[in-house]
Amino acid sequence: MDFKQAIASSLAESTALDAKELITWLETPPSPEMGDYAFPCFKLAKTLRKAPPVIAQELSRSLALPEGVQRAEAAGGYVNFFLDKTAQAKAVLERVFTQGERYGGSDLGKGRNVCIDYSSVNIAKPFHIGHLPTTVIGNALYRIYNHLGFHSVGINHLGDWGTQFGKMIVAYKLWGDHETIEQGGVDELVKLYVRFHREAESDPSLDDAARAWFKRIEDGDPEALSLFEWFKALTLKEVEQVYEILGIRFDSYAGESFYNDKMGRVVDELRGKGLLKLDQGAQIVDLSEYKMPPCIILRSDGATLYATRDIAAALYRKDTYDFAKCLYVVAYQQDLHFRQWFKVVELMGYSWAKDLVHVSFGMVSGTEGAFSTRKGNMVKLRDVLSAACEKTYEIICEKSPDLEEKKTVARQVGVGALVWNSLYNGRIKDVVFDWDAVLNFDGETGPYAQYTHARACSVLRKANYAPAPVDYSVLTDTEAAAVVAAIGAFPDAVVEAMEKNEPYLVTRAVIGICAAFNKFYYEQRIMADDEIVRQARLTLTDATRKVIAIGLNLLGIAAPERM
RNA sequence: GUUCCCGUAGCUCAGUCGGACAGAGCGACCGCCUCCUAAGCGGUAGGCCGGGCGUUCGAGUCGCCCCGGGAACGCCA
């Protein structure tokens, strides 16, 4: 923030060091009583040939305190800076009200596109709990980048290509029924798929038939194509219902099949640049120099592979969107795959290879091990969503029987709880899906943040709050100051979340605000008798609820005003 | 076997490009609604930060080795 800048500049004058360097040295003390910013003097000890505590003493005395900084105190090897709480409250709250919806945002990414490849559902496969992380993390990043002035391009890279669709057609023609499938949707398709595999074990001719049908899709045979499109439409219809519930939309559904006619370019280019090598019948790019297995571009039968398609997609996206970054929100299992083809793009001579980022995340498993369609222990996203909403509905009936629109709020809170869970921790952590954990709404959960928001809204409603000039000096008590500090820390958290592609940093910033506000709410009476105090506290409450709403919105979570 | 990731309180995790006594939530136990939403707030208990060596004024954080868990490793995506 501005105060940090000012302190760094002031330190720069006294130490003859670069302010930009110094600002990175400044840290936040472990507890608020120790000040708002701390400057560790250890690094100066060598050059100044003095003990850190001595340097701290001298600095604390000689420094010219910038505007808004009340005092500087030496504490061991640190100089602690104490902000003038009134000035801090004024600066932070005015910024909130000036920027409004855009608080925590900026024009950092102005004019630059960011492609975000996420969710990427498979056609004719169920949308299960394992798809939640990519969907929700991708969506949050989409919103975070937009908030920082980038233009996000959300891409659902559909899994809509491969021999499995030949299998689907064979199964459908043998055992399927149009009406049943129209009714049952993806579940029916999965049944057919499972049956195909069972029967193919004893009847290998089925696999031949499947290959033949897939060939017909590739060749554009009308019957094959229409069945294929039908499966696709059925799947998308179901999936879009879930996106609707989650409030997610995509700018592009260009999936695997979309790049079918765009892979020749990749092969030609690789060959032209002398990167392709024939090995065991396949065309590969040798990566042994980079300690990686080769990247296979063409199978020995001439067919393309996953990597070929991803490279084609990257080239297309660069041409189409001229992205500043292209993110792939995909589980860490595919780490090697991305490292391989990113390297291939680099070897092709494209400097933008460095802008390709694998945003990896941990895997979701059940309490009894990995989910698998075959084992049938897979948990469908829709089931989890409805369970969460039902549970929420019960709680509302119990706690807020008079609430109107219970169903709507139950949905917002139930869905919010689920989304929050996927954005609460660092991406890389594995997740064991556990109903009890998912349906627990106490503590640092989505409902907690939503509750805090609703609570603040409730106070403002009851008080008939209207904006008016504020005496910020009455917001200097410990609890109010903590709320101010938490709100003030929000913008940096958003930037860091973008830089690291880690939405949980926003989640944690929201928690910080909620915790501080709830404490404030408990300790200080917002609707104080004193009019000056009341107006100031209401203003703080208003700012709080606004920033919580912004934070939740960045995470893709609704902020109901009552619950 | 090789490479990558992870290992912090009973459980789930955070720990600011190394820095001030290691934090939070859940669970357990104990408190707080005649007063603004108790989906809240407070307190107690609970940790040789997997182990060792090293770098450093200083290591949960960096390097090396070991142990434990996960993932990937050529014609699937």
Side-chain angles (χ1 to χ4, degrees), chain A residues 24-31 34 38 40-43 45-46 51-52 75-78 80 120 122 159 161-164 256 279-284 291-301 303 305-307 309-310 330-337 339-340 360 362-363 365 392 395-396 398-400 403 413 417 424-426 428-432 434 436-437 440-452 454-463 489 492-493 496 504-505 508 511-512 514-515 517-528 534 537-538 541 562-563:
Chain A
T24 65
W25 291 16
L26 282 173
E27 40 190 88
T28 308
S31 84
M34 301 167 87
C41 302
F42 307 95
K43 288 177 192 167
K46 249 180 204 158
Y78 294 88
N80 290 335
S120 300
N122 294 316
W161 203 247
T163 44
Q164 71 264 32
E256 294 170 3
D279 196 276
Q280 298 172 33
Q283 295 289 340
I284 64 157
K291 291 185 195 162
M292 284 188 276
C295 184
I296 305 180
I297 301 298
L298 289 176
R299 286 197 320 218
S300 33
D301 66 1
L305 279 107
Y306 189 31
R309 206 170 293 269
D310 270 342
V330 179
Y332 68 64
Q333 277 96 326
Q334 300 197 29
D335 191 50
L336 176 61
H337 168 253
R339 277 173 35 225
Q340 285 180 306
S360 61
M363 59 179 247
S365 59
T392 310
I395 295 176
I396 290 175
E398 181 193 325
K399 300 195 187 229
S400 316
L403 184 67
V413 176
Y424 179 58
N425 288 324
I428 203 66
K429 297 286 177 183
D430 285 335
V431 180
V432 176
D434 175 20
D436 290 340
N440 173 34
F441 298 160
D442 293 330
E444 296 178 347
T445 61
Y448 170 75
Q450 291 172 315
Y451 173 81
T452 309
R455 195 183 218 188
C457 289
S458 169
V459 175
L460 294 170
R461 239 181 352 253
K462 288 216 167 126
D492 283 349
E496 201 186 347
Y504 87 94
L505 292 166
R508 302 284 173 151
I511 290 174
C514 292
F517 179 77
N518 283 320
K519 176 86 170 153
F520 168 69
Y521 176 94
Y522 185 82
E523 300 289 344
Q524 309 286 348
R525 188 160 172 76
I526 296 170
M527 284 200 244
R534 186 170 65 234
R537 288 182 179 163
L538 284 169
T541 302
R562 302 169 200 256
M563 64 184 271

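Protein chains get the first letters and strands the later ones, always in sequence-line order, with residue 1 at the start of each.
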### Query
For B:A39, does either OP1 or OP2 sit under 4.0 Å from a side-chain N or O belonging to A:Lys399?
yes
### Task
Name the residue closer to the 5' end of RNA chain B, choosing between A:Lys43 and A:Leu336 according to the nucleotide with the nearest heavy atom.
A:Lys43
### Query
Considering only B:A20, B:C26, B:C13, which nucleotide approaches the side chain of A:Pro29 most closely?
B:A20
### Task
Looking at every strand, decide which applies to A:Thr541 at a 4.0 Å heavy-atom threshold: base, sugar-phosphate, or nothing.
nothing
#### Entry: Closest heavy-atom pair and its distance - A:Met363, A:Gln333
SD-NE2, 3.3 Å
### Task
Please work out if A:Ile511 contacts a base, only the sugar-phosphate, or nothing of the nucleic acid, heavy-atom cut-off 4.0 Å.
nothing
### Of the listed nucleotides B:G74, B:C13, B:C21, the one nearest the side chain of A:Pro294
B:G74
### Distance-only donor-acceptor test (3.5 Å): side chain A:Asp279, base B:G74
yes
### Query
Taking the side chain of A:Asn425 as its heavy atoms from C-beta onward, which of B:A20, B:C13, B:C41 lies nearest to it?
B:C13
### Query
Just to confirm, is there a sub-4.0 Å distance from OP1 or OP2 of B:G70 to any side-chain nitrogen or oxygen of A:Lys429?
no
### Query
Taking everything shown except A:Arg562 itself, do over 12 heavy atoms lie less than 6.0 Å from its CZ?
no
### Task
Indicate, yes or no, whether a donor-acceptor pair under 3.5 Å links the base of B:A39 to the side chain of A:Asn440.
no
### Task
Verify the contact: side-chain N or O of A:Tyr521 to OP1 or OP2 of B:C32, cut-off strictly under 4.0 Å; return yes or no.
no
### Minimum-distance pair of heavy atoms, taken over all atoms of A:Asp442 and A:Thr445
O-CG2, 3.1 Å
### Query
At under 4.0 Å, does any side-chain N or O of A:Arg534 touch on OP1 or OP2 of B:C36?
no
## Note on the structure
From the candidates B:C41, B:A77, B:A39, the one with an atom nearest any side-chain atom of A:Leu305 is B:A77
### Query
Which part of the nucleic acid does A:Phe42 contact within heavy-atom distance under 4.0 Å: base, sugar-phosphate only, or nothing?
base
#### Entry: Length of the line joining A:Arg309:CZ and B:C75:P, which is rounded to integer Å
17 Å
### Query
If you measure from CG on A:Asp279 to CD1 on A:Ile284, what distance do you get to the nearest 0.5 Å?
4.0 Å
#### Entry: A:Cys41 to A:Pro52 - nearest heavy-atom pair and separation
CB-O, 3.8 Å
### Task
Could you tell me whether B:C33 is syn or anti, where syn means a glycosidic angle within 90 degrees of zero?
syn
### Task
Classify the side chain of A:Ser300 and the base of B:C75 as holding, or not holding, a donor-acceptor pair under 3.5 Å.
yes
### Message
Please confirm whether the shortest side-chain N or O distance from A:Asn518 to OP1 or OP2 of B:C41 is below 4.0 Å.
### Response
yes
### Task
Give the nucleotide from the list B:A20, B:A39, B:C36 with an atom nearest to the side chain of A:Ala38.
B:A20
### Message
Quick check on RNA chain B: between A:Met34 and A:Lys46, whose nearest nucleotide comes earlier from the 5' end?
### Response
A:Met34
